[in-house]
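Below, read A as the first sequence line, B as the second, and so on, with proteins coming before strands; counting in each chain starts at 1.
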Number of protein chains: 2
Amino acid sequence: MSENVGRWLRDEIENSILSNEFSPGERLDEMVLATRFGVSRTPVREALMQLDAIGLIEIRPRRGAIVIDPGPHRVYEMFEVMAELEGLAGSLAARRLDKASREAITATHSRCEQSAAAGDSDAYYYDNEEFHKAIYAAGRSEFLEEQCVQLHRRLRPYRRLQLRVRNRLSTSFSEHCAIVDAIFAGNGDEARRLLRTHVGIQGERFSDLVASMAAR
Amino acid sequence: MSENVGRWLRDEIENSILSNEFSPGERLDEMVLATRFGVSRTPVREALMQLDAIGLIEIRPRRGAIVIDPGPHRVYEMFEVMAELEGLAGSLAARRLDKASREAITATHSRCEQSAAAGDSDAYYYDNEEFHKAIYAAGRSEFLEEQCVQLHRRLRPYRRLQLRVRNRLSTSFSEHCAIVDAIFAGNGDEARRLLRTHVGIQGERFSDLVASMAAR
DNA sequence: GTCAATGATCGTGTATACAAGAAGCGCTTT
DNA sequence: AAAGCGCTTCTTGTATACACGATCATTGAC
């Protein structure tokens with residue numbers, strides 16, 4: 001538990017939303033949350049205000065808070081922006097790569113390789129996250145890194161759905177290989193291009209996403 | 001005044017920060033703000049929590065809130081990300097341009113022309129903002145538009161400093177012309193490239209920024 | 001039978017009260 | 001005189017109380 005209850009609650013509720021424990025459209029009752037976490041309404045409200053500011057929930061005056069439902073189209077738009085930011089991170093990483101970052105990328109990359117070879121999509125899901133974070137960090141732009149991590153978090157539930165698609169694991173990993181090569185070769189433009197297509201959702205992958213979102 | 005005091009206060013304090021009325025590093029006393037705006041501490045705290053979530057201030061537990069000082073390097077990073085997002089917006093605008101967006105861009109663009117011709121940097125500052133917003137909107141990606149507007153807001157004080165640099169007005173406007181041409185020609189890649197360099201801070205413009213920030 | 005209006009109830013918005021921690025100041029001691 | 005320790009005071013963190021608005025149900029009229 002963090003040093004102040006409000007921040008702890010924010011993380012707690014945020015996780016509950018991102019792990020789909022609170023579904024989109026669901027109403028978040030302040031009193032229910034307060035008793036559930038054993039605190040008063042005050043820190044609950046503070047947590048909700050923050051989540052509203054971040055854009056995870058919407059507080060309608062005098063009508064309570066509801067979890068925002070992005071909808072397939074908006075999720076697509078978020079992936080589109082994510083692709084752009086990752087592309088930038090990749091190009092910066094290729095330019096600014098140092099020893100520590102190189103080792104971090106190599107390490108997470110080989111962990112992805114193992115998970116992919118084992119066909120363990122849960123493990124790959126986690127390792128993939130670490131791999132991408134290693135690239136953000138290698139870009140050496142704190143602000144960009146924060147933006148990437150934040151958006152990455154918000155897209156987490158949808159990325160999980162995507163990995164279930166047939167052959168996605170091996171496809172994803174071979175794309176990683178090319179990305180690593182480009183970054184290590186110092187080829188920023190190529191790294192940018194590869195990451196954009198790797199992260200973006202084009203063609204049939206969009207209908208896959210829509211289908212899996214509708215299935216819930 | 002908005003329907004709820006907390007949100008109103010958030011906007012009010014946010015504006016005060018962005019217009020440099022509260023300087024970076026300054027401590028925001030809850031009680032002072034409360035009496036200043038004639039409300040109790042509760043809505044003030046809610047506003048501060050939101051600003052903390054957005055990243056404009058930092059609330060250190062039991063030690064109060066301070067306005068975050070990005071520092072020149074971080075501001076540079078923010079411009080870098082802004083350039084990338086604007087580039088994406090421009091390329092989307094070129095692809096998806098419709099009649100209404102085309103007219104909006106034309107209208108704001110010609111207003112920029114007038115301000116630039118008049119040498120009125122305050123008017124240009126405002127018209128420029130509208131011009132860029134017209135491009136965001138033309139991209140037809142709600143999420144991207146929101147991200148752009150938000151980052152644009154945060155960079156506002158620094159952009160203002162930049163316009164003071166000699167000849168920046170006419171340079172900026174001629175860049176606008178090329179951007180408009182590319183978008184209207186449906187040339188997404190060119191629009192992206194031009195916007196990236198237009199928004200980004202390269203070479204001597206970075207030292208200009210640092211110098212003007214240090215001057216305050 | 002259906003629609004509208006009014007009242008009751010529930011939940012949010014704001015204020016205030018109380019508790020706990022941090023910073024500053026003064027006193028004492030070396 | 002300087003440094004360290006302790007106390008006081010001020011500010012933040014959380015709880016609770018109260019007020020206002022919204023929603024829902026019930027009743028009456030058409």
Subject >> side-chain hydrogen bond (donor to acceptor under 3.5 Å, both in side chains) partners for B:R10, two or more places apart >> reply: B:Q50

**OP:** For residues 62-94 of chain A, pull every pair meeting ring-ring contact (aromatic ring centres under 6.0 Å, His included), keeping only residues two or more places apart or in separate chains.
**Re:** A:Y76-A:F206

Original post:
Taking only residues two or more places apart in sequence, or in another chain, which ones meet B:H109 in a side-chain hydrogen bond (donor to acceptor under 3.5 Å, both in side chains)?
Top reply: none

**OP:** Treat primed atoms plus P, OP1 and OP2 as sugar-phosphate and everything else as base, then score nucleotides 9-18 of chain D 5' to 3': B for base contact with protein heavy atoms under 4.0 Å, S for sugar-phosphate contact only, - for none.
**Re:** --SBBBBBB-

Subject >> For B:E84, side-chain hydrogen bond (donor to acceptor under 3.5 Å, both in side chains) partners two or more places apart >> reply: A:R192, B:R196

Original post:
Taking CG from B:L9 and P from C:dT14, how many angstroms apart are they, rounded to a whole number?
Top reply: 9 Å

Original post:
So which pairs with a foot in residues 32-52 of chain A pass ring-ring contact (aromatic ring centres under 6.0 Å, His included), sequence neighbours left out?
Top reply: A:W8-A:F37

